[in-house]
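First listed ligand is number 1; within each ligand, the first listed atom is number 1. Heavy-atom basis, side chains included; hydrogens, waters and symmetry copies ignored. This is a predicted model, so every value here is computed, not measured. Throughout, residue positions are numbered sequentially from 1 according to the sequence presented.
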Amino acid sequence: MKVLIIGGGGREHALAWKISQSPVVKKIYVAPGNGGTALDNNIENIDITDVQELISFSIKQKIDLTVVGPEAPLAIGIVDAFRKNNLAIFGPTKAAAQLESSKEFSKIFMARHNIPTAKFATFKDTNSAHDYLQNNPAPIVIKADGLASGKGVVVAMTDEEAHEAVDSMLSEKIYGSAGTKIIIEEFLEGEEASFIVICDGSTILPLDSSQDHKRLLDNDAGPNTGGMGAYSPAPLVTDEVNKKIMDQVIIPTIEGMKQEGIEFSGFLYAGIIVDPYKNIKTLEFNCRMGDPETQPLLFRMQSDLFTVLFKAAKQELEGVEINWDNEHAITIVMAAKDYPTKPILGDEINLPEMQNEDTFIFHAGTSLESNKLMTSGGRVLGITAKGKTLEIAKNKAYDILRKVELDGAQFRTDIGKKALN
Ligand code: AMP
Ligand code: GLY
C-alpha cells in the first residue's frame, strides 16, 4: 500500500512514523514533511501543497490512502476534491470541517443540539462588542471566529485585556479575515482534556485520553500556543468522564451533523473542560488530531493505524478496535526563541544519539539543509518518552531534552505536573 500524508508538523511526523510500521505499507510520502521525515529512510518528502497538484501526484503514484494532518487543507475542501477524483482520503469534508473552521458555526451547532458549552455571543461591530463587555466583566474569553493556528483566543483576566482583544481583532484585524467576526464567551473554570475519536460517518472509535499544555510558560502562564507538551493517558478522564464526553458531546455531534445532512468522517477532537464536580463542557472542536497530543497517543498505540484509517475511509470501522500500551507517554515541545509571537528561524539544531526504544524525537519546525538540521517553524521538536509511570516517562524525556543543542530554545519544565499531583 502507498500512503500520502498531508502536512509538515510534529503530528504529521508521528502519523508517518506510526503508519510506516504497518506491514502492509510499502511507501509513504509526506507533503511537505519536515526535517524528521526527511531523515527517515522509510519516508519520502514531496514539496507539494497545492490541492490539484496533490491530486495529480496521487493519481500518478497510485496512492491507496491519503491522511490529512492539519485543519487548513480540510477547511478549503481537500477531502471533497480528492473524493471527486475517486481517491481514498481520510478526513472531514469542507462542510463537516466547519466545526473547527468557524467557531460561530460550532457554537450555534452545539446550542441547537444541547451539547454543553460556554454561553456566548457573536460580534462583527467593535462598539457592540465593547458594550457587551460592560455588562459581562472579566474573566471572559475573546475568540476569533476563523482559523488562527490555535492563537486566536484571548483569555482575558481583566476588563482592560478584554477590550484590547476586541480592538486588536475587530479594528486592527491582527488575524485578518479569521477575525472579522468574534465570539465573546463565558470563562470556564476547570481542567482541560483532549478527547479524540475516529469516525467513518457512523461508527465512532474513541482514542485513549490525552492532555495538552496550551500556555507558553510553566504553571499555565504566558500566551496561548499551539501546545507546549502533552501526555497520554490523562487521569482526569476517568471512566465516568469518558462516558459523559461520549454521551453528551461526541455522539450528539456526529448524530446532529448527520441529521443536518453532513456526514462526519475523520478525526474529531473535542477540547473538554472538566469542573471539580466532574461536569463537562466543550471548549472547541477540531477536525483533526491534536498537535502535540498525537505524539504521545501514537507512541502508545499498539494497533496498526494504517489499517484502522483505511477501514475508516471505506466506512468499514464497525468492529475495529485499538489496543494501547499500558505505559504512559509524554511529549515535551521544544520551541524556537520568541515563539509564539515571532519565532526566530534558521538556527542549527544538534540532536543527541537515541539508543532507547522508549524514546523518540518527533520533528515539527525543522528542515534538512545540506545535511544540517535547521529550525523552520515555531515549535521545533517533540521530545517523547514512554515509561511504567508518567514520572518515569517525564524524567526520560527531560533527560533527552537537556542534550538537544538549540540556541534560545524554549520549553516548559512542568509538562505532566498536573497529572502527577
Ligand atoms: P480554543 O482554541 O477554543 O480551545 O481555546 C484555546 C484555549 O483557550 C483552550 O485550550 C483553553 O485553555 C482556553 N479557553 C478557551 N475557551 C475558554 C473558556 N470559555 N474558558 C476558559 N478558558 C478557555
Ligand atoms: N494541541 C491543540 C491542538 O492541536 O489544537
Between Phe362 and Phe299, how do the two ring planes meet: parallel, tilted or perpendicular, split at 30° and 60°?
-> perpendicular
I need the atoms of ligand 1 closer than 4.0 Å to a non-hydrogen atom of [X], numbered in the order shown.
X: Lys103; answer: 1 (P), 2 (O), 3 (O)
X: Leu188; answer: 18 (C), 19 (N), 20 (N), 21 (C)
X: Phe187; answer: 20 (N), 21 (C)
X: Lys143; answer: 3 (O), 15 (C), 16 (N)

Test Asp399 against every option in Lys403, Arg402, Lys396 by the salt bridge (charged side-chain N to carboxylate O under 4.0 Å, His left out) rule and name the one that passes.
->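 The residue from Lys403, Arg402, Lys396 that satisfies salt bridge (charged side-chain N to carboxylate O under 4.0 Å, His left out) with Asp399 turns out to be Arg402.
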How far does CD1 of Ile262 sit from CG of Leu99, to the nearest 0.5 angstrom?
-> 7.5 Å
Hey, does Gly271 sit under 4.0 Å from ligand 2 if you only count heavy atoms?
->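 No, that is not the case, since the closest heavy atom of the residue is not under 4.0 Å from the ligand.
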Between [X] and ligand 2, is there a nitrogen or oxygen pair with a distance under 3.5 Å?
X: Gly226; answer: yes
X: Glu284; answer: no
X: Lys214; answer: no

Exam field: side chain Lys18 to backbone Phe306, donor-acceptor pair closer than 3.5 Å =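 No; zero donor-acceptor contacts below 3.5 Å.
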Between Asp159 (side chain) and Ala138 (backbone), is there a donor-acceptor pair under 3.5 Å?
-> yes
For Ser194 and Glu293, does a side-chain donor sit closer than 3.5 Å to a side-chain acceptor?
-> yes
Where the closest heavy atom to [atom] is concerned, which of [options] has it?
atom: atom 5 (O) of ligand 2; options: Met289, Gln211, Arg288, Glu293; result: Arg288
atom: atom 12 (O) of ligand 1; options: Lys214, Glu192, Lys281; result: Glu192
atom: atom 19 (N) of ligand 1; options: Glu185, Glu100, Arg215; result: Glu185
atom: atom 22 (N) of ligand 1; options: Val153, Val155, Asn224; result: Val155

For Asp220, which of Met228, Glu192, Arg412 qualifies under side-chain contact (heavy atoms from CB on, under 4.5 Å)?
->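 Exactly one pass, corresponding to Arg412.
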Protein contact of atom 2 (C) of ligand 2 - nearest heavy atom, named by residue and atom, plus distance | Asp212 OD2, 3.2 Å
Structural part of Arg11 in contact with ligand 2, heavy atom criterion under 4.0 angstrom = neither
